[in-house]
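Atom set for the values below is all heavy atoms of this structure, side chains included, hydrogens, waters and symmetry mates excluded. Here, residue 1 is the first one in the sequence, and each next residue gets the next number. Since the model is a prediction, treat every value here as computed from it, not as a measurement.
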Amino acid sequence: MRKFKTESKKLLDLMINSIYTHQEIFLRELISNASDAVDKLNFKSLTDESAHIEQGDLAIRIAFDKDARTITISDNGIGMTEAELEKNLGTIAHSGSEEFKEANAESQGDAVDIIGQFGVGFYSAFMVASKVRVVSRAFGEDEAHVWESDGLEGYTIEPGERAEHGTDVILTLRENVPGENGEEGENYDRYLSEWGLKDLIHRYSNYVRYPIQMMVTKSRQKPKPEDAGDDYQPEYEDYEELETINSMTPIWKKRSGDVSQEDYDEFYKSTFHDFEKPARTISFHAEGTLEYDALLFIPGRAPFDLYSKDYEKGLALYSSNVMIQEKCGELLPDYYNFVRGVVDSADVSLNISRETLQHDRQLKAIARRVEKKITSELEAMRDEDRATYEKFFENFGRGLKYGIYASYGMKASELADLLLFWSAKEQKMVTLAEYARVMPEGQKAIYFAAGDSRERLEKMPVVTGVLSRGYDVLLCTQDVDEFTFQSMREYVARDLPKVYEDDAAREAAEKAAADGAEPELEDRHLELKNVASGDLDLATEDEKKEAEEASREHADLFGAMKGALDGKVEKVAVSSRLTDAPACITTEGPLSLEMEKVLKRGPEGDVEGMPTAQRVLELNAKHPVFGKLVAAKEAGDDDKVKLYAGLLYDQALLVEGILPDDPVAFAQSICELM
């Protein structure tokens, strides 16, 4: 027996038990080796006139014998001599494929796509096999040789027989290991089935460039006997047929002009198990320091588990048409977690198991380009196919908003223009840019209201008050909306008509425009304001003056009402925003009533010390109810002032969609008043 070179036992044990995450990867590695062997022969035929082969005959075959517990991976590639068996299989971590790539780097071109590079993939066979037998005959040689090992101490090489050039790798699978103490055992029988092998080929090696063939069992109807009667029932028989299992040419490697949208749709639905075609398909090829192909899909509907903790984002990562990771999460930011697709690059630096990348910067470079492409495609959809975009946003808009919130506003510049909100004035979904383009001159903020339904928000006094002044209000009904706006702080509206500070400047600009000059544009920084916050500053000077006078005149009333509410409000004040309603609840500080509701619905909502909104009870001094309050105070009826204060506060809460602290007391107060 020949000993493995290097620190054999320790290193071989490492190869077999420590490098790979999943033992099923063994078939991917052995098929990749077979593909490399065929590639080398293909290259030889292109560079050596004496090495004539039929391109259509090049293939890889898989077979299994359930009784003998063997799996055989065969190829009709370049094969190996005795010396090459010694060098390639007897020396751990020596890669003949890598050596070939280096020797022919300038001449192999697109005709050859060598996969191997570390020289350890072959030893993954010992994860599932108790013995590995390799029968190989080098191209142009008459004699074959057999390499055999149990993966422990060493190996043997003996003369053998093979009808033609190429290599057979025969694995004798280990015996099943039963589970113990509730732990799952090892079931090696799963690899000894037609379905199990086909599944692994489809998953990991579907796009290897050469046919991967296997005898498969099929069923067919037997011919109907001539003497069969009317009650004849068709009979069926099983038969075996050689079938090509893999697709070979990946759709993402084809020019987009050569692929129909129907083909893309079919690939998407079959690969990602979706019955609905994608809303958008993105295909591109990148060249430069890092060369790769990408095929991305924006789904037409949200998967049922998109917002669950079990949902796993990521694109399928391939290298030289071999799948490395089924879902590479690093290729997508969280806010684009709904995107599905494939990235394929032969240039990425894989780790020794070829399951992850060595250089994180390569992934980051690809991820940045992928993100820009997705953003660009969404912008095009928004501008060119609004109905489709609105459906997309209904499905995935929450994630875009959360992307801004989770990044503390850092991603606002990339994502803000993709957001849609319902316009109370326009009665349709609008972008922030569209809102800004139709603002009245002099408007300095974007106004929004947050709640659980558009219907309720449209009737709220704080909303109708802003609308009555000619300003639009965005109605936000998702729990993340207000948190998103707080993270953004402002929105920069690009290329708006310039606002001039004085009449002279405006007149000069108008004259210049009349003479044919281009209108002046500017970028405007617009604050994002909740209409329920206490600092809208929409009142005219006269309204502000009236409110100040009423506040001074009725300071005792407001003090009595605040005392009656016993710490429920920070203050009671005259409102300059209300039109028809007698009162409303607004807030001071960063936390609004809607945000407080969202936090209370969270897992720690009932924890003591949870922050609450600083509430302000605003009163409409022009409403008849206010006159009743003043009359009660002037009459010295403190009980009635207390009753009115509680009722106004509770009904203002109900308008906000919040139950009174004591619904029974609220009902009793109404009865008492009646």
Side-chain angles (χ1 to χ4, degrees), residues 449-465 475 477 479 530-534 554 556-575 577-588 591-602 605-674:
D452 50 18
S453 74
R454 293 205 303 257
E455 292 74 16
R456 186 177 67 79
L457 287 172
E458 284 178 326
K459 299 173 184 176
M460 287 178 59
V462 289
V463 173
T464 57
L475 306 183
T477 55
D479 50 13
N530 189 332
V531 293
S533 63
H554 303 292
D556 291 345
L557 171 63
F558 298 150
M561 293 181 70
K562 181 183 177 183
L565 293 173
D566 192 22
K568 294 178 181 178
V569 297
E570 294 294 313
K571 65 180 180 181
V572 180
V574 172
S575 176
R577 75 181 83 206
L578 294 174
T579 53
D580 300 323
C584 68
I585 298 287
T586 61
T587 58
E588 292 182 336
L591 195 66
S592 70
L593 284 174
E594 191 62 29
M595 293 173 76
E596 180 184 300
K597 286 195 289 184
V598 171
L599 292 175
K600 284 185 175 180
R601 289 198 297 267
D606 57 352
V607 175
E608 189 175 346
M610 175 67 66
T612 56
Q614 297 177 333
R615 304 178 183 188
V616 175
L617 177 61
E618 292 193 11
L619 303 176
N620 183 355
K622 297 179 180 179
H623 197 280
V625 166
F626 188 76
K628 296 286 186 180
L629 280 166
V630 172
K633 179 62 178 172
E634 290 177 348
D637 193 342
D638 294 338
D639 290 339
K640 184 169 285 189
V641 169
K642 184 176 181 180
L643 175 66
Y644 286 170
L647 283 172
L648 286 172
Y649 175 75
D650 285 343
Q651 66 90 18
L653 283 181
L654 286 172
V655 171
E656 292 288 340
I658 302 173
L659 284 175
D661 295 336
D662 189 346
V664 174
F666 175 65
Q668 289 175 343
S669 296
I670 292 177
C671 291
E672 183 179 340
L673 185 65
M674 294 173 66

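- Applying the side chain to side chain donor-acceptor pair (under 3.5 Å) test to S533 and every residue at least two apart in sequence or in another chain returns D535.
- Every residue two or more places apart in sequence or in another chain that forms a side chain to side chain donor-acceptor pair (under 3.5 Å) with K597 is listed here: E594.
- By the 4.0 Å N-to-carboxylate-O rule, E596 lies close enough to K600 to be salt-bridged with it.
- Sorted by first and then second residue, the salt bridge (charged side-chain N to carboxylate O under 4.0 Å, His left out) pairs with a member in residues 620-635 read E546-K622; sequence neighbours excluded.
- The two residues V463 and A449 have their closest heavy-atom pair at CG2-CB, 3.6 Å.
- With contacts defined as side-chain heavy-atom distances shorter than 4.5 Å, the pair V625/Y644 does not qualify.
- Evaluation of the side chain to side chain donor-acceptor pair (under 3.5 Å) rule for T464 yields no partner, not counting sequence neighbours.
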- Give the C-alpha distance, both sets of side-chain angles, the deciding distance and a yes or no for side chain to side chain contact (heavy atoms under 4.5 Å, CB included) between L619 and V574. CA-CA 5 Å; L619 303 176; V574 172; 5.7 Å; no
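- In this view, D452 and R456 satisfy the salt bridge (Lys or Arg N to Asp or Glu O under 4.0 Å) rule, not counting sequence neighbours.
- Every residue meeting the side chain to side chain donor-acceptor pair (under 3.5 Å) condition with D479, not counting sequence neighbours, appears here in chain and number order: R398.
- The side chain to side chain contact (heavy atoms under 4.5 Å, CB included) search around D580 returns none, not counting sequence neighbours.
- For H554, the ring pair (Phe, Tyr, Trp, His ring centres under 6.0 Å) partners two or more places apart in sequence, or in a different chain, are F626.
- Side-chain contact check for S575 versus N620: every heavy-atom pair is 4.5 Å or farther apart.
- The side-chain heavy atoms of H623 and L578, taken from C-beta on, include no pair separated by under 4.5 Å.
- Side-chain contact between D639 and D637 is present, with heavy atoms from C-beta onward closer than 4.5 Å.
- Residues satisfying the side chain to side chain contact (heavy atoms under 4.5 Å, CB included) criterion with T586, sequence neighbours excluded, are V462, R577, C584, V616, E618.
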Which pairs would a plain distance check flag for residues 563-573, meaning a side-chain donor or acceptor within less than 3.5 Å of a matching protein atom at least two apart in sequence or in another chain?
{"unit_1": "K571", "atom_1": "NZ", "unit_2": "E588", "atom_2": "OE2", "d": "3.2"}

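- In this structure, CZ in F558 is found 9.5 Å from CG in L617, a value given to the nearest 0.5 Å.
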Can you list, pair by pair, the side-chain donor-acceptor contacts under 3.5 Å of residues 646-654, counting residues two or more places apart and other chains?
{"unit_1": "Y649", "atom_1": "OH", "unit_2": "R615", "atom_2": "NH1", "d": "2.7"}
{"unit_1": "Q651", "atom_1": "NE2", "unit_2": "L648", "atom_2": "O", "d": "3.4"}

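- A donor-acceptor pair is defined here as one N or O able to donate and one able to accept, closer than 3.5 Å; no such pair exists between the side chain of N530 and the backbone of A450.
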